[in-house]
Amino acid sequence: MDIAVIGTGYIGLVTAVCLASKGHRVIGVDQDADKVRRLNAGDPVIYEPGVDELLRAGLGSGRLRFCASIAEGVAASQALFICVGTPPSSDGSADLTQVENVTREIAGCMDGYRLLIEKSTVPVKTAGWVERTVRLHNHRQVDFDVASNPEFTREAMAVQDFLEPDRIVIGVSSERAAELMLEIYRDFDCPKIVTDVSTSEIIKHASNSFLAMKISYINLIADLCEAAGGDVKTVADGMGLDARIGRAFLGAGVGYGGSCFPKDVKAFCRIGEDLGLDMSLLHAVDGINERRVGQLVAKLRQALWIVKDKTIAVWGLAFKAGTDDTRSSQAIRLAVELLREGANVRLYDPQAAARARHELPPSDEVVYCASALEAAQGASALIVATDWPEFREIDLAALHTALTTPIVVDGRNLFCLKAMERAGFEYYSVGRRSVSGHG
Ligand code: UGA
């Protein structure tokens, strides 16, 4: 099928390269002309495993190209995926300005039937607004459909998640739209839920909020473990073996970040409240998460007494391992908090340092390092903020030598308590007993 993908951020680019790899002819549209030039030259712009290969293959096959003109995208396609950003507004609701703008522009160019597909994460009832916008701005009165097709891919796993999904959710209001959507996903072997548009929109927010709720829940249990004397990893194992609960997303730590969970939970609260519901369950999820960074810094203060003027190593800046994305990263918040306390920070992340430089204030107190051990060199303590596998593999003896005082505060529970004890560290993790290698 001839498909346009409007917006080539994480979701849009992954959608474009993956659909081209399935044999569709895809045109990616982005208003950023420089980005379009780079994409057409085979530069994926973002770091996401697998995207570069599929991008090159798509360009090479002639099935994939990029342009900066929505009119060109509309002319070249039968179906258009809307993948533009829906950033949070000051009141927590999703700002749908970009969705409205591109819808208006698409509508102005439509000379015959088109299927518009919402892939950006949007509040329930957005499809109705998209439909109304098309009617207002398409003066030729052409036939069209609006579908919802939420995305469930995780960053760092996006290509695999897109090509081998657990499920595909399709929200439509006509047979024609359902047939076209099923044609687009013809070669995807997974359950496909075809439903009405509102249900589909709700599935997206309900899924992300549920996963965020699992994380905040286990973080609450971690606090309980610390207060009562228990081990949260074993609690999570014990819970997770119940097939009704499952072990995934029961990793306690510094809390969730990224461009999705924090904003989606807040937006879902707003959506529910606008509809007259009590959303206190999800406010609590958000509140627990907001407090995680402060709790970790409190542990550091407990270990160091005075934080001001001390040098602290921070491992990790990305919001999770496997990505260079620092949006709403708890690691960045942590670094900011340490700077506010008057500490000097030595930062290391295998991928995210370049992006972090845009988020952290330029300051003499901030040093970006080339390796994990270099960051630890001369620091009074280390805080682990992102779960990169290379941190888990670190030579503990070398780390012990690098730190001036062997204090590790682990916001990701990466290390085994016994190993840290044997190696002589004072080790504070999340929801587990603290360890002192001296005693
Ligand atoms: C999330 C969802 O997992 C995807 O299904 C969804 O498509 C995507 O949002 C989206 O809406 O676009 P993503 O934000 O890429 O994907 O990252 P996750 O792997 O879900 O992790 C989110 C945050 O939770 C990270 O900061 C991670 O470190 C944290 N996390 C995850 C935990 O703290 N504990 C866990 O057990 C799991």
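Below, all heavy atoms of this structure are taken into account, side chains as well, without hydrogens, waters or symmetry copies. Whatever order the structure lists ligands and atoms in, that order sets their numbers, starting from 1.
Inclusion of D387 in the set of residues having an N or O under 3.5 Å from an N or O of ligand 1 is not warranted. In terms of polar-atom proximity, N208 is counted as a contact of ligand 1, with an N or O under 3.5 Å from an N or O of the ligand. Of the N or O atoms in G257, one or more lie within a sub-3.5 Å distance of an N or O in ligand 1.
Comparing F152, F249, F319 against atom 26 (O) of ligand 1, the shortest heavy-atom distance belongs to F319. For the residues K320, K263, E155, the heavy atom positioned nearest atom 27 (C) of ligand 1 is part of K320. Nearest to atom 12 (O) of ligand 1 by heavy-atom distance, out of A252, A156, C260, is C260.
When ring centroids are compared, W315 and F391 come within the 6.0 Å threshold.
Heavy-atom distances between Q330 and ligand 1 stay at or above 4.0 Å for every pair. Under a 4.0 angstrom heavy-atom cut-off, G253 registers as lying outside contact with ligand 1. Residue-ligand proximity: M157 is placed with every non-hydrogen atom at 4.0 Å or more from ligand 1.
Protein heavy atom at the shortest distance from atom 28 (O) of ligand 1 is R412 NH1, 2.8 Å. What sits closest to atom 32 (C) of ligand 1 on the protein, heavy atoms only, is I215 CD1, 3.6 Å. Among all non-hydrogen protein atoms, the one lying nearest atom 6 (C) of ligand 1 is T153 O, 3.3 Å. Closest protein heavy atom to atom 36 (O) of ligand 1: G251 N, 2.8 Å. The protein atom (non-hydrogen) at minimum distance from atom 1 (C) of ligand 1 is F261 CE2, 3.5 Å. Atom 3 (O) of ligand 1 has as its closest protein heavy atom R154 CG, 3.3 Å.
With hydrogens and angles disregarded, a donor-acceptor distance shorter than 3.5 Å links the side chain of T126 to the backbone of P123. The main-chain N or O of G431 is found under 3.5 Å from a side-chain atom of E226 such that the two form a donor-acceptor pair. With hydrogens and angles disregarded, no donor-acceptor distance shorter than 3.5 Å links the side chain of R65 to the backbone of V26.
Considering CD1 of I3 and CZ of F81, their distance stands at 5.5 Å, rounded to 0.5 Å.
The shortest side-chain heavy-atom distance between T8 and F66 falls under the 4.5 Å cut-off.
In K119, neither the side chain nor the backbone holds a heavy atom less than 4.0 Å from any atom of ligand 1. At a heavy-atom distance under 4.0 Å, only backbone atoms of E151 (N, CA, C or O) approach ligand 1. At a heavy-atom cutoff of 4.0 Å, ligand 1 is contacted by the backbone of L250 but not by its side chain.
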- Item | Working for side-chain hydrogen bond (donor to acceptor under 3.5 Å, both in side chains), residues E183 and H24 | CA-CA 10 Å; E183 171 64 16; H24 297 295; 5.9 Å; no

- Verify salt bridge (charged side-chain N to carboxylate O under 4.0 Å, His left out) between E421 and K418, making sure each step is shown before the conclusion. CA-CA 5 Å; E421 200 160 27; K418 287 214 167 72; over 6 Å; no

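Comment: R327 engages E155 in a salt bridge, judged by a side-chain N to carboxylate O separation of less than 4.0 angstrom. One finds a salt bridge joining R270 and D274 here, because a Lys/Arg side-chain nitrogen approaches an Asp/Glu carboxylate oxygen to under 4.0 Å.
Y10 pairs by the side-chain hydrogen bond (donor to acceptor under 3.5 Å, both in side chains) definition with D324, not counting sequence neighbours.
Annotation: cation-pi pair K192/Y185 absent, no NZ/CZ under 6.0 Å from the ring centroid and within 45° of its normal.
Close approach to K204 involves these atoms of ligand 1, each under 4.0 Å from a residue heavy atom: 6 (C), 7 (O), 10 (C), 11 (O), 12 (O).
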